[in-house]
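Please read the structure below before turning to the comments.
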4 protein chains.
Amino acid sequence: MDSTTRGRIDKRQAILEGAFTVFARQGYAQACVQEIAAEAGVAKPTVYNHLSDKATLFRHAMEASARTALEERLAALEPLARPGDDLAATLTDVGHALLRLHAGGRSCALRRLLYAEITHFPDLLEITNQYGPDRLNQALADRLARLTLAGRLRAAEPDLAAEQFTSLLLGPLEARTRLGTRTLEDAELRELAEAAVRTFLTAWG
Amino acid sequence: MDSTTRGRIDKRQAILEGAFTVFARQGYAQACVQEIAAEAGVAKPTVYNHLSDKATLFRHAMEASARTALEERLAALEPLARPGDDLAATLTDVGHALLRLHAGGRSCALRRLLYAEITHFPDLLEITNQYGPDRLNQALADRLARLTLAGRLRAAEPDLAAEQFTSLLLGPLEARTRLGTRTLEDAELRELAEAAVRTFLTAWG
Amino acid sequence: MDSTTRGRIDKRQAILEGAFTVFARQGYAQACVQEIAAEAGVAKPTVYNHLSDKATLFRHAMEASARTALEERLAALEPLARPGDDLAATLTDVGHALLRLHAGGRSCALRRLLYAEITHFPDLLEITNQYGPDRLNQALADRLARLTLAGRLRAAEPDLAAEQFTSLLLGPLEARTRLGTRTLEDAELRELAEAAVRTFLTAWG
Amino acid sequence: MDSTTRGRIDKRQAILEGAFTVFARQGYAQACVQEIAAEAGVAKPTVYNHLSDKATLFRHAMEASARTALEERLAALEPLARPGDDLAATLTDVGHALLRLHAGGRSCALRRLLYAEITHFPDLLEITNQYGPDRLNQALADRLARLTLAGRLRAAEPDLAAEQFTSLLLGPLEARTRLGTRTLEDAELRELAEAAVRTFLTAWG
DNA sequence: CATGAATGAGATTTCATTCAT
DNA sequence: AATGAATGAAATCTCATTCAT
């Protein structure tokens with residue numbers, strides 16, 4: 001890949017990132033391509049050269065951001081592959097990490113935009129679901145199944161267990177973060193994780 | 001209150017309802033006042049006579065709709081005041097009713113609009129929270145406390161128990177309804193209620 | 001018709017006239033709605049309130065102008081209804097009047113715009129033909145038929161005779177006016193009329 | 001001239017032809033250089049390398065096409081240099097050939113573009129008139145003068161006669177071809193030629 | 001009070017034209 | 001010499017909002 005091609009790719013990346021930033025700040029309709037171009041450091045027509053119109057730009061920006069978000073979440077699950085002696089502690093750590101990601105800027109923005117534009121972009125759900133909660137739940141269910149086989153858990157229905165784990169964990173977030181407009185203290189996040197794990201282990205431990 | 005005043009109030013109601021309908025369909029920015037006026041069956045300037053501008057119109061339409069939504073939910077809690085012999089069955093019925101409301105059109109639209117515009121209308125959260133999940137949780141916690149006192153439950157921390165009940169109940173909805181774009185069969189809703197109640201009673205029953 | 005309605009109609013007239021003026025000056029694509037609005041003395045959106053888009057505006061402006069042009073031409077034919085003793089002189093006068101109209105600003109502009117945009121607006125021909133040369137030829141043929149019946153002409157085929165009269169008359173104009181960009185002296189027009197009438201009467205007189 | 005130079009000239013030709021094709025299809029303003037480049041099979045900047053800007057490109061494309069059109073017309077006049085015994089027949093044949101050219105695609109496009117852009121490119125008339133109707137009329141007048149000298153015609157004013165011949169011949173075309181948007185049957189063209197020649201010979205024969 | 005008409009401001013998109021390779 | 005990429009400028013159209021009736 002020569003320097004020219006790389007330059008073009010870099011610019012495309014910059015546009016997609018700038019677009020997500022601006023869409024997150026303003027919403028789809030209020031965001032103007034002018035501002036996106038400025039954020040990406042290019043001229044307005046350059047945006048149109050790369051992504052044919054505003055809607056296409058939106059879809060691609062959402063997809064790229066969703067992919068990044070999933071990668072971060074999957075990475076946070078890693079400790080479950082090698083849990084120490086204290087399973088509850090490991091679960092709490094993982095839960096804590098997931099909470100932090102889920103309460104973070106990118107996730108909140110993705111959720112807001114998804115909710116906001118799902119009626120205008122029905123296909124958006126499929127686009128982002130490629131990298132959505134199902135993928136995370138599945139990876140988590142895999143871990144829980146392994147732990148059950150290893151006799152450290154009694155999650156006979158790992159899919160359901162995984163779904164309930166994330167529900168217990170993330171459910172309270174919506175209200176606490178005031179729909180993503182408030183940032184939570186780390187201590188508060190940890191308490192939420194602990195409470196969720198307690199209930200979870202009561203049911204499936 | 002004479003008939004003229006009543007007519008005026010009716011017209012205001014029609015405008016607010018029309019506004020919510022259109023905002024729900026189009027989103028805040030894409031909704032145009034013209035269309036709202038048409039939906040309400042009045043002329044555009046009449047809208048401005050009643051609600052000073054588009055933002056005010058939005059806030060009032062959201063508040064009115066949130067109030068209605070809360071009233072519906074509180075009404076659904078009533079059976080817990082007189083639970084029959086089978087507590088699990090009553091909880092399941094109530095859960096089912098809440099699920100139906102939560103998956104319904106008005107709630108989904110409210111959630112979408114709230115998520116979508118929370119950054120542009122930070123005060124919107126306070127406006128709708130007057131009629132939001134906290135009020136519901138509190139009413140539910142009251143019921144759970146009574147039931148605990150009556151020895152039919154062991155919810156020593158009724159607030160937490162209530163929060164977890166609604167989390168278990170409503171958590172899976174987001175994914176299942178595809179963010180409110182799919183309508184669920186009644187049978188599926190009932191299964192969700194049963195699963196939530198099972199886990200809830202394992203922890204607090 | 002009350003003053004309000006009249007005001008609206010006046011404004012519509014002003015817009016159509018301004019539009020024709022600007023289209024004539026700039027051509028369809030180069031004319032911008034901004035400029036048309038300025039020419040008509042209204043704001044840009046007012047133009048869109050009356051005529052839904054640029055293409056519609058163009059069609060209506062062309063139609064209005066074509067109607068005016070036909071009315072002028074038909075009026076110029078009047079003397080043939082009461083020809084004096086000298087038929088050649090009357091024909092020459094009428095021919096002269098037609099030439100003046102045909103070489104005038106409105107006609108030239110209409111022709112230019114029609115030629116220019118016929119491929120983009122295939123329906124334009126039908127719109128303007130309602131008021132086009134056919135209508136003129138027919139009116140002229142009527143007159144020639146009457147004159148033939150009165151024994152003052154031998155135009156056994158009045159339609160053909162009328163067509164040839166206008167061809168002889170107007171044919172040379174295109175080149176002489178340099179496609180409508182040069183204005184001809186009245187004397188030159190009269191000579192053209194005389195030459196045409198001479199040839200015409202040699203054939204049909 | 002080496003092969004490189006020839007290649008360059010070929011490319012210039014391709015650009016001019018592509019340009020005329022696109023201008024004819026879209027009009028000057030609506031034609032975009034992108035499309036012209038595509039039609040010519042080159043990249044956009046290559047167009048600018050050969051012809052400095054869009055206006056220049058237009059002028060050169062028009063000139064080249066006008067030259068071709070004149071050459072075709074002059075060739076069609078040839079039979080008049082060696083008329084057979086039947087002058088009327090020869091005139092009809094020539095008229096027919098001229099009509100065919102005049103009603104053909106290139107001529108119609110040239111006329112449309114000339115009318116359309118004469119106000120923006122006043123010099124266009126001079127450019128195309130080098131190869132315009134005057135040159136044709138002159139060549140025709142020459143022929144008519146020769147025929148008069150030879151006693152086969154009585155065209156004492158050959159210039160006027162030539163002008164009237166083309167007027168009679170081509171005048172009806174405008175309406176019949178619907179400004180060049182309809183293609184005429186060969187039989188119809190021949191009838192037009194015969195009618196024109198009849199009238200012409202009545203006057204000058 | 002309700003409304004038809006008018007407008008100022010701003011959004012998306014296109015295009016002729018120029019760099020850098 | 002030819003091209004992919006980038007850009008400044010401008011055009012159509014929409015919309016929230018205000019007069020005048």
Side-chain angles (χ1 to χ4, degrees), chain A residues 2-5 7-9 11-12 15 29-37 40-55 57, chain B residues 4-5 7-8 11-12 15 29-37 41-57, chain C residues 2-5 7-12 15 26 29-37 40-57, chain D residues 4-5 7-8 11-12 29-37 41-57:
Chain A
D2 67 354
S3 66
T4 305
T5 305
R8 184 163 169 74
I9 286 179
K11 205 153 272 191
R12 187 187 169 93
I15 290 171
Q30 289 96 334
C32 81
V33 177
Q34 178 80 264
E35 194 179 350
I36 291 172
V42 301
K44 213 184 339 171
T46 303
V47 174
Y48 284 92
N49 276 350
H50 285 261
L51 286 310
S52 51
D53 56 15
K54 195 186 177 185
L57 176 55
Chain B
T4 308
T5 305
R8 184 164 168 73
K11 204 157 271 191
R12 187 188 168 91
I15 290 172
Q30 289 97 331
C32 77
V33 178
Q34 178 78 264
E35 192 179 352
I36 291 173
V42 302
K44 215 181 345 171
T46 304
V47 175
Y48 283 91
N49 279 347
H50 284 263
L51 287 311
S52 53
D53 59 14
K54 193 184 178 184
T56 305
L57 176 56
Chain C
D2 67 353
S3 65
T4 305
T5 306
R8 184 164 167 73
I9 287 180
D10 285 354
K11 206 153 270 192
R12 187 188 168 93
I15 290 171
Q26 309 276 26
Q30 289 97 334
C32 80
V33 177
Q34 178 82 263
E35 193 179 351
I36 290 173
V42 300
K44 210 185 342 167
T46 303
V47 175
Y48 285 94
N49 276 350
H50 284 262
L51 285 311
S52 52
D53 58 14
K54 195 186 177 183
T56 304
L57 176 56
Chain D
T4 307
T5 305
R8 184 164 167 73
K11 204 156 272 192
R12 186 188 169 93
Q30 289 97 332
C32 77
V33 177
Q34 177 78 262
E35 192 179 353
I36 291 173
V42 301
K44 214 181 345 171
T46 304
V47 174
Y48 284 90
N49 279 348
H50 284 263
L51 285 310
S52 53
D53 58 15
K54 195 184 177 185
T56 305
L57 176 55

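Computed over heavy atoms, backbone and side chain alike; hydrogens, waters and symmetry mates excluded. Every chain is numbered from 1 and lettered A, B, ... according to where its sequence line falls, protein lines coming before strand lines.
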Under the side-chain contact (heavy atoms from CB on, under 4.5 Å) criterion, do Tyr48(D) and Leu57(D) qualify, and how do the steps go? CA-CA 9 Å; Tyr48(D) 284 90; Leu57(D) 176 55; over 6 Å; no
Separation of [N] [atom2] from [X] [atom1] (nearest whole Å):
X	N	atom1	atom2	result
Lys11(A)	dT7(F)	NZ	C1'	10 Å
Leu51(C)	dT12(F)	CG	P	14 Å
Glu35(C)	dA11(F)	CD	C1'	12 Å
Asn49(C)	dA16(F)	CG	C1'	13 Å
Ile15(C)	dA5(E)	CD1	C1'	11 Å

With a 4.0 Å limit, can you tell me whether His50(B) has a side-chain N or O closer than that to the phosphate oxygens OP1/OP2 of dA2(E)?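 Checking His50(B) against dA2(E): at least one side-chain N or O falls below 4.0 Å of OP1 or OP2.
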Would you compute the distance between atom [atom1] of [X] and atom [atom2] of [Y] and round it to the nearest 0.5 angstrom?
X	Y	atom1	atom2	answer
Glu35(B)	Lys44(B)	CD	NZ	12.0 Å
Gln26(C)	Ile36(C)	CD	CD1	9.5 Å
Asp10(C)	Ile15(C)	CG	CD1	11.0 Å

Any chance you could list the contact pattern along nucleotides 13-20 of chain E? Use B for base contacts, S for sugar-phosphate-only contacts and - for none, protein heavy atoms under 4.0 Å, 5' to 3'. BBBSBB--
Determine whether Arg12(A) and Leu51(A) satisfy the following criterion, side-chain contact (heavy atoms from CB on, under 4.5 Å), listing intermediate values before the conclusion. CA-CA 9 Å; Arg12(A) 187 187 169 93; Leu51(A) 286 310; 3.8 Å; yes
Under the side-chain contact (heavy atoms from CB on, under 4.5 Å) criterion, do Val42(B) and His50(B) qualify, and how do the steps go? CA-CA 11 Å; Val42(B) 302; His50(B) 284 263; over 6 Å; no
Would you say the side-chain atoms of Lys11(D) pair up with the backbone N or O of Val47(D), donor to acceptor, closer than 3.5 Å?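 No, because the side chain of Lys11(D) does not come within donor-acceptor range (under 3.5 Å) of the backbone of Val47(D).
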Report the residue (Ala43(C) or Gly41(B)) whose heavy-atom-nearest nucleotide on DNA chain E is the more 5′ of the two.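 Its nearest nucleotide lies further toward 5', so the answer is Gly41(B).
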Watson-Crick or G-U pairs under 3.5 Å in DNA chain F, rendered as dot-bracket with [ ] for crossing pairs and | for another strand: .||||||||||||||||||||
For Ala43(C), side chain to side chain contact (heavy atoms under 4.5 Å, CB included) partners two or more places apart: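 Listed in chain order: Pro45(C), Thr46(C).
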